[in-house]
Amino acid sequence: MPDNLAFNGGQKQTLLLAIHSKLQFGLILVCFCSISPIAALEISGYGAIESLSFFHPPLDPQQHAHYLSIAIEPEFYHAWDEGLQSLVFVPYYRLSQHDSSRSHFDIRELTWLKVADDWELKVGIRKEFWGVSEAQHLVDIINQTDLVENSDTEDKLGQPMINLSLIQDWGTLDLYLLTGFQTRTFAGRAGRLRSFPAIDVDAEEFEKHGLEKHLAYAFRWSHSVANWDIGISHFYGTSRDPSLRRNIDKAGQTRLIPYYEMIHQTGLDLQLTLESVLWTLETIVRSGQGKTYFASTAGFEYSFYNLLGSALDIGIVSEYLYDSRGSHAPVVFQDDFLVALRFALNDIQSTELLAGVIFDRRHHTRFYNIEASRRLGDHWKIELEARFFSVGDNHDPAFIFRKDDHLRLELRYYF
Amino acid sequence: MKHLGLLIIVSLFSAPVFALTAAEKGLQIILELDKRDTGFGDTQATLTMRLMNRKGGHSLRSLKINTLEVIGDGDKSLIIFHTPRDIKGTAFLSYTHALVPDEQWLYLPALKRVKRISSSNKSGPFLGSEYAFEDLTSFEVAKYDAKYLRDETIEGIVCFVIELTPRYEHSGYTKQLAWIDQDRYIVLKIDYYDRKSALLKTQLFSHYQHYLNQYWRADEQLMSNHQNGKSTALHWQGYHFGLGFTARNFDKSTLKRAR
């Protein structure tokens with residue numbers, strides 16, 4: 001579900017340089033791998049073909065009605081030292097028709113892991129997820145969003161880091177040194193969904209430069225006590241979601257430029273699990289992007305299991321999404337409700353369906369989302385996503401999506 | 001096993017064997033069964049599930065199960081999925097308890113997300129198989145009311161037949177009938193009765209192996225659903241005992257990197 005698509009931006013970095021430095025890092029780890037005793041290298045992953053179709057003609061003639069693309073994500077895994085050390089390498093590549101910004105390479109993971117009795121050390125490129133909510137992930141901040149992948153913001157770019165986890169009776173304390181900032185990926189001029197004009201990723205600007213731009217620091221304390229799961233986190237560094245600045249270039253054209261500030265963000269994620277109900281809360285306080293603000297997602301998921309004697313489960317998800325900046329908030333969700341139904345057939349093919357609507361109380365925009373998936377045989381899986389926007393007024397940041405109703409169909413082969 | 005102490009005291013002060021009520025004898029049998037399986041510490045095993053439909057089609061699941069015995073409470077277990085490939089790396093962590101709700105977390109590798117899930121879903125199918133979640137959790141005396149019914153011989157083995165009534169909430173069964181080998185105190189067969197008290201499933205245990213000179217584990221299990229005609233066969237391999245697991249091998253940090 002698109003959160004900050006409209007007014008948060010990222011910039012296509014000097015891609016070749018990034019790939020070069022990633023490959024260099026890759027080679028170092030590969031060499032390191034080769035000196036350890038080669039037991040078994042496990043190879044798995046998937047390849048996918050995707051069709052993305054839009055129901056309405058685009059607002060900009062440079063855009064298209066239909067996009068085909070292919071993607072591959074292999075995983076190489078090797079463990080030794082009785083499983084206490086391991087290396088994992090997950091490169092990713094997507095090749096997309098029409099939109100060259102969507103064709104991209106990333107190293108999702110390239111990590112050395114060392115496990116001890118009361119600590120774990122992870123060094124390399126990784127993805128880390130924090131949070132409990134469904135509609136949006138406010139607390140989750142370690143990785144940059146790979147927005148060209150999917151407007152739901154759940155795809156992430158690999159983040160280089162050193163992560164030390166201290167595992168104690170009083171919970172787990174994770175310390176992070178994040179080494180290397182990546183800008184957000186955005187659809188290009190020929191792509192959808194995007195702003196108007198398209199975000200000019202070549203003109204990106206930063207509050208800090210050099211090492212200060214690249215280094216970020218974070219910690220998270222998390223613990224489970226009886227029915228409660230709690231996490232408290234803090235992040236300091238270059239914001240993963242930029243502000244967007246509008247200016248006029250020399251040719252007199254309006255440009256939208258992503259500007260990445262230094263921010264502090266404190267986060268709380270909390271879940272109470274009571275019988276068939278999961279109560280969830282995510283709250284953040286962020287400073288560094290204009291006035292300090294507060295945002296929150298709170299809600300529940302109630303599940304009915306084995307309905308009518310069948311294996312069918314139905315879950316009801318409801319969440320309220322709030323941002324203290326109100327109508328000034330440069331995000332789509334500031335005073336919104338989510339209501340969704342989740343169906344799990346619990347059949348051999350693991351057929352699932354999620355259908356939901358997020359409605360904006362201020363602008364009366366409604367955003368409908370349907371996601372379904374089903375395994376075919378033992379190696380294939382088909383996934384469908386349909387998204388519809390019913391935009392209330394042109395003051396809503398979601399106004400730019402008014403012609404972007406679409407259907408995404410993906411067929412994956414897992415190996 | 002919260003009430004184990006109390007139950008033992010109750011059984012010690014009960015009348016001599018010939019005068020035992022059906023409930024007392026039932027309790028005595030499951031206490032003995034539980035006692036003989038106590039002290040195994042930890043295990044690791046690989047499980048292959050074969051899901052078969054009425055037309056003879058089948059689908060395979062493979063997973064690894066680590067278990068830590070918790071004396072005085074339910075066991076902890078970590079289940080790691082290997083196939084089907086699309087759920088490879090998915091892992092399920094469970095702290096079972098006798099009567100208070102279990103604690104369960106699911107790790108979703110694509111999102112790198114650990115999600116605490118409701119443990120009320122006891123009667124739902126496990127991975128689309130004929131096994132329900134509650135069929136795969138550890139046996140705890142306090143979870144059932146037991147009643148001895150009769151002696152019966154199956155395949156030349158003299159068995160106790162006992163009736164088990166789940167005392168925990170959200171069970172999909174009104175009762176289970178279990179056939180227990182009188183010599184080895186191991187389960188050979190279980191009939192499951194659904195919420196309408198109709199026979200739902202039969203589970204057969206075979207190819208028992210003896211480990212550490214004390215613990216019996218069935219290499220083969222077959223669960224047949226009488227109502228939908230489907231069945232699921234379990235094949236256990238590579239049983240290891242005494243790996244030295246601790247609670248640390250069953251925490252959320254381990255869940256996120258389990259293979």
Side-chain angles (χ1 to χ4, degrees), chain A residues 42 44-46 75 77 79 83 86 88 113 115 117-118 120 122 126-132 140 143 154 156 165 167 172 174 222 224 226-229 271 273-278 301-303 305-306 309 311 313 344-350 373 375 377-381 412-415, chain B residues 51-53 57-61 82-89 95 100-101 103-105 108-130 132-133 169-170 172 194-196 200 227-228 230 243 246-249 251-254 256-259:
Chain A
E42 281 179 37
S44 58
Y46 71 85
E75 179 187 282
Y77 174 81
S86 64
V88 64
L113 162 76
V115 178
D117 269 352
D118 50 9
E120 291 180 12
K122 294 156 196 157
R126 291 179 59 231
K127 173 162 128 181
E128 187 81 340
F129 177 86
W130 299 343
V132 291
D140 188 39
N143 293 75
E154 286 189 346
K156 300 289 172 182
S165 309
I167 297 144
T172 299
D174 275 293
S222 57
S224 297
N227 299 330
W228 296 87
D229 288 68
Q271 181 173 325
T273 306
L274 282 180
E275 296 277 313
S276 302
V277 198
L278 318 177
E301 176 168 355
Y302 189 95
S303 296
Y305 299 108
N306 312 119
D313 297 340
L345 263 55
N346 291 304
D347 53 353
I348 289 181
Q349 296 82 17
S350 304
S373 67
R375 185 184 306 114
D378 285 334
H379 288 278
W380 297 87
K381 189 173 184 178
R412 286 187 177 190
Y413 178 78
Y414 288 87
F415 53 92
Chain B
L51 281 54
M52 295 167 282
N53 65 22
H58 71 268
S59 171
L60 292 176
R61 309 271 180 273
H82 292 310
T83 64
R85 285 298 197 176
D86 63 298
I87 56 165
K88 183 182 184 291
Y95 298 172
V100 295
E103 296 161 66
Q104 297 178 342
W105 295 266
L108 305 162
L111 298 173
K112 305 288 176 205
R113 178 171 182 181
V114 172
K115 187 175 180 183
R116 174 84 174 257
I117 57 172
S118 163
S119 62
S120 300
N121 185 15
K122 296 211 185 302
S123 58
F126 180 79
L127 289 179
S129 75
E130 295 313 308
F133 282 90
E169 282 188 280
H170 310 297
D194 67 14
R195 288 181 180 143
K196 293 171 193 147
L200 176 64
Q227 296 183 5
N228 65 17
K230 295 179 191 171
L243 290 159
T246 63
R248 173 74 171 90
N249 299 94
D251 66 13
K252 285 199 274 179
S253 301
T254 302
K256 285 199 270 187
R257 58 175 171 76
R259 292 276 176 163

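Bear in mind the structure is a predicted one, so any value in this text is a computation, not a measurement. Chain letters run A, B, ... following the sequence lines, proteins first and then strands; every chain starts at 1.
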Exercise for the section: Side chain from CB out, backbone as N, CA, C, O: work out which of these in Ser350(A) comes under 4.5 Å of a heavy atom of chain B, or both, or neither. Expected result: neither
Practice task
Mark yes or no for whether Asn346(A), through its side chain, and Gly128(B), through its backbone, hold a donor-acceptor pair below 3.5 Å.
Solution key: no
Fill in the blank from the handout: Pair count under 4.5 Å, heavy atoms only, with chain A: among Lys230(B), Lys122(B), Lys252(B), highest is Lys252(B)
Practice task
Using only heavy-atom distances, determine whether the side chains of Thr273(A) and Gln271(A) contain a donor-acceptor pair under 3.5 Å.
Solution key: yes
Completion exercise
Checked Lys381(A), Arg412(A), Glu275(A) vs chain B; the most non-hydrogen pairs under 4.5 Å come from Glu275(A)
Handout entry: Close side-chain approach of Tyr414(A) and Pro84(B), heavy atoms under 4.5 Å
Key = no
Handout entry: Contacting moiety of Leu345(A), where chain B heavy atoms sit under 4.5 Å
Key = neither
Exercise for the section: Please confirm whether the backbone N or O of Val132(A) pairs with a side-chain atom of Arg113(B), one donor and one acceptor, at under 3.5 Å? Expected result: yes
Handout entry: Max heavy-atom pair count under 4.5 Å with chain B, selected residue of Glu75(A), His379(A), Gln349(A), Lys122(A)
Key = Glu75(A)
Practice task
Compare all side-chain heavy atoms of Arg248(B) with those of Ser253(B) and state whether any distance is below 4.5 angstrom.
Solution key: yes
Practice task
Counting only heavy atoms closer than 4.5 Å, note whether Ala344(A) contacts chain B via side chain, backbone, both or neither.
Solution key: neither
Practice task
For the residue pair Thr172(A) and Glu120(A), establish whether any side-chain heavy-atom pair is separated by less than 4.5 Å.
Solution key: no
Practice task
Output the option from Ala132(B), Gly124(B), Ala247(B) having the highest count of non-hydrogen pairs under 4.5 Å with chain A.
Solution key: Gly124(B)
Handout entry: Residue, of Ser123(B), Ser59(B), Ser119(B), Gly89(B), that accumulates the most heavy atom pairs under 4.5 Å with chain A
Key = Ser123(B)
Exercise for the section: Give, as side chain, backbone, both or neither, the part of Ala110(B) having an atom under 4.5 angstrom from any heavy atom of chain A. Expected result: backbone
Practice task
Let me know if Asp251(B) has heavy atoms under 4.5 Å from chain A in its side chain, its backbone, both or neither.
Solution key: side chain
Problem - Residue part contacting chain B, namely of Asp117(A), when any heavy atom lies under 4.5 Å - result: backbone
Practice task
Among the options Val277(A), Ile167(A), Leu274(A), pick out the one with the most heavy-atom pairs lying under 4.5 Å from chain B.
Solution key: Ile167(A)
Exercise for the section: Fit a plane to each ring of Tyr95(B) and Trp105(B), take the angle between them on a 0 to 90° scale, and name the class: parallel (under 30°), tilted (30 to 60°) or perpendicular (over 60°). Expected result: perpendicular
Practice task
Sort out for me which of Asn227(A), Asp313(A), Leu113(A), Asp118(A) touches chain B most, counting heavy-atom pairs under 4.5 Å.
Solution key: Asn227(A)
Problem - Under 4.5 Å from any heavy atom of chain B - which part of Asp347(A) - result: backbone
Problem - Check: Asn143(A) and Lys112(B) side chains under 4.5 Å, non-hydrogen atoms - result: no
Practice task
Below 4.5 Å from any heavy atom of chain B, which atoms of Tyr77(A) appear? Answer side chain, backbone, both or neither.
Solution key: side chain
Problem - Gln104(B) and Asn121(B): side chain donor to acceptor below 3.5 Å - result: no
Practice task
Answer yes or no: is there a side-chain heavy-atom contact under 4.5 Å between Arg61(B) and Ile348(A)?
Solution key: yes
Practice task
Run the salt-bridge test on Glu42(A) and Lys88(B) with the 4.0 Å N-O cut-off and return the result as yes or no.
Solution key: yes
Handout entry: chain B contact via Lys127(A) - side chain, backbone, both or neither, heavy atoms under 4.5 Å
Key = both
Handout entry: Region of Ile87(B) that comes under 4.5 Å of a non-hydrogen atom in chain A
Key = side chain
Fill in the blank from the handout: Given Gly377(A), Ala226(A), Ser303(A), Gly131(A), the one with more heavy-atom pairs under 4.5 angstrom with chain B than any other is Ala226(A)
